[in-house]
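Naming: A, B, ... by sequence-line order, numbering from 1 per chain.
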2 protein chains.
Amino acid sequence: MADMLDRDTHDGAVRFGPLAESLGLLLRLSQLHSFHDFYTALERHHVRPGEISILMMIRENPGIRQGVLASALMIKRAHMAKMARRLEDAGLIERRVPPDDRRAMELRLTAQGELRAAEMTPDLEAHEARNFGGLTPEEAATLRTLLRKYLALDAPKED
Amino acid sequence: MADMLDRDTHDGAVRFGPLAESLGLLLRLSQLHSFHDFYTALERHHVRPGEISILMMIRENPGIRQGVLASALMIKRAHMAKMARRLEDAGLIERRVPPDDRRAMELRLTAQGELRAAEMTPDLEAHEARNFGGLTPEEAATLRTLLRKYLALDAPKED
DNA sequence: TATTGTTATACTCTATAACTATA
DNA sequence: TATAGTTATAGAGTATAACAATA
């Protein structure tokens with residue numbers, strides 16, 4: 001269908017060419033695609049996109065230190081500091097200086113934070129259940145497995 | 001080592017919990033992971049990350065219209081207008097109003113743009129060849145196939 | 001009326017470096 | 001000296017809405 005195009009006047013289908021083999025671009029477009037649904041699904045909770053994963057990760061790892069969380073989520077420390085402060089101001093997390101290292105900052109959900117996280121969970125799950133794009137559930141499972149391996153998510157990581 | 005954790009004082013490995021099944025988060029982290037290498041590999045060409053895919057896409061689709069390109073790359077029209085203008089100012093692309101629709105704007109690489117694209121190609125290819133993360137080349141190929149299907153990249157798309 | 005591109009604005013995220021207080 | 005977190009700043013991406021020209 002696209003083979004009748006004038007070589008120099010584009011009208012119909014877009015050719016990705018070698019870029020269709022670019023893992024980086026495919027990941028970027030896939031992330032945008034996924035994000036679009038994510039955002040509309042979670043919009044009503046009035047939490048910023050980046051904050052949701054932080055809340056959920058703190059729920060899974062109570063007492064996690066800011067820097068550890070930042071590196072797990074590939075967020076810069078400087079940015080994490082701002083977001084953590086904001087979540088504290090919003091009353092969703094508590095930040096506590098541990099006695100053994102007074103430079104550090106441990107993060108935990110407050111009761112209100114737990115509530116908000118619980119409120120968001122159904123919408124998150126609905127988003128995940130819907131977020132298959134053109135994939136079958138089995139293909140989506142394979143995709144997740146490959147992404148985890150790509151990220152070496154189970155192995156310990158350096159900064 | 002991590003099994004002696006107090007339920008509430010995190011120190012060792014980070015638990016992703018249900019988030020390890022979140023396609024959205026996995027895509028986001030993977031994209032950041034990939035981008036990190038991409039950025040350092042292409043840094044010396046002094047072209048912004050977003051501009052590289054635009055140049056490469058115009059090379060593949062000479063005469064493509066701004067809006068079509070924007071939707072293919074999932075960039076908002078307003079943003080594309082700025083980037084296209086910038087690339088034009090840099091002398092890398094030419095923007096031409098087609099006679100059949102004088103609202104539109106067709107994009108083509110200039111000679112200088114072709115040169116820059118050609119200069120970047122080896123670094124792009126080196127990045128792609130390196131960008132397997134923890135995957136085997138076969139797994140990376142499967143990952144690309146799944147992402148293309150997730151994106152329905154071959155099928156025509158709505159806005 | 002609808003569409004293409006443009007401009008303007010505000011917000012989010014990112015990168016960097018300098019700073020403090022602790023270790 | 002090195003590390004954890006903070007602050008400040010600049011840059012890049014994104015979302016939205018209002019607008020002009022054209023269809």
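An angle of 0°, rounded to 10°, separates the two end axes of the helix from dT1(C)-dA23(D) to dA23(C)-dT1(D), each defined over five pairs.
Partners of Ser22(B) under the side chain to side chain contact (heavy atoms under 4.5 Å, CB included) rule, at least two apart in sequence or in another chain, are Glu128(A), Leu25(B). For Tyr39(B), the ring-ring contact (aromatic ring centres under 6.0 Å, His included) criterion is met by Phe35(B), not counting sequence neighbours. Residues that satisfy the salt bridge (Lys or Arg N to Asp or Glu O under 4.0 Å) test with Arg48(A), not counting sequence neighbours, are absent from this structure. Checked against salt bridge (Lys or Arg N to Asp or Glu O under 4.0 Å), Asp89(A) has no partners two or more places apart in sequence or in another chain. For the salt bridge (Lys or Arg N to Asp or Glu O under 4.0 Å) test, no residue two or more places apart in sequence or in another chain qualifies with Arg85(B). Shown here are the salt bridge (Lys or Arg N to Asp or Glu O under 4.0 Å) partners of Arg130(B), two or more places apart in sequence or in another chain: Asp37(B). For Leu115(A), the side chain to side chain contact (heavy atoms under 4.5 Å, CB included) criterion is met by Glu119(A), not counting sequence neighbours. Listed by chain and number, the residues in a side chain to side chain donor-acceptor pair (under 3.5 Å) with Glu43(A) amount to none (sequence neighbours excluded).
Within the structure, a side-chain polar atom (N or O) of Arg95(A) is placed less than 4.0 Å from OP1 or OP2 of dT6(D).
Each ring-ring contact (aromatic ring centres under 6.0 Å, His included) pair with one or both residues in residues 76-104 of chain B, not counting sequence neighbours, would appear here, but there are none.
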>> Protein within reach of the bases, or only the backbone? For nucleotides 18-23 of chain D, mark each nucleotide 5' to 3' as B, S or -, using heavy atoms under 4.0 Å.
In response: ---BBS
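Judged by closest nucleotide on DNA chain C, Met105(B) is the one of Gly50(A) and Met105(B) placed further toward the 5' end.
In this entry the distance linking CZ of Arg65(A) with P of dT22(C) reads 15 Å, nearest Å. If you take CG of Leu87(A) and C1' of dG5(D), they are 16 Å apart, rounded to a whole angstrom.
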What N/O pairs connect the protein and nucleotides 14-19 of chain C at under 3.5 Å? Give each pair on its own line.
none

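Counting only N and O atoms by type, the side chains of Arg59(A) and Thr121(A) include a donor and acceptor under 3.5 Å apart.
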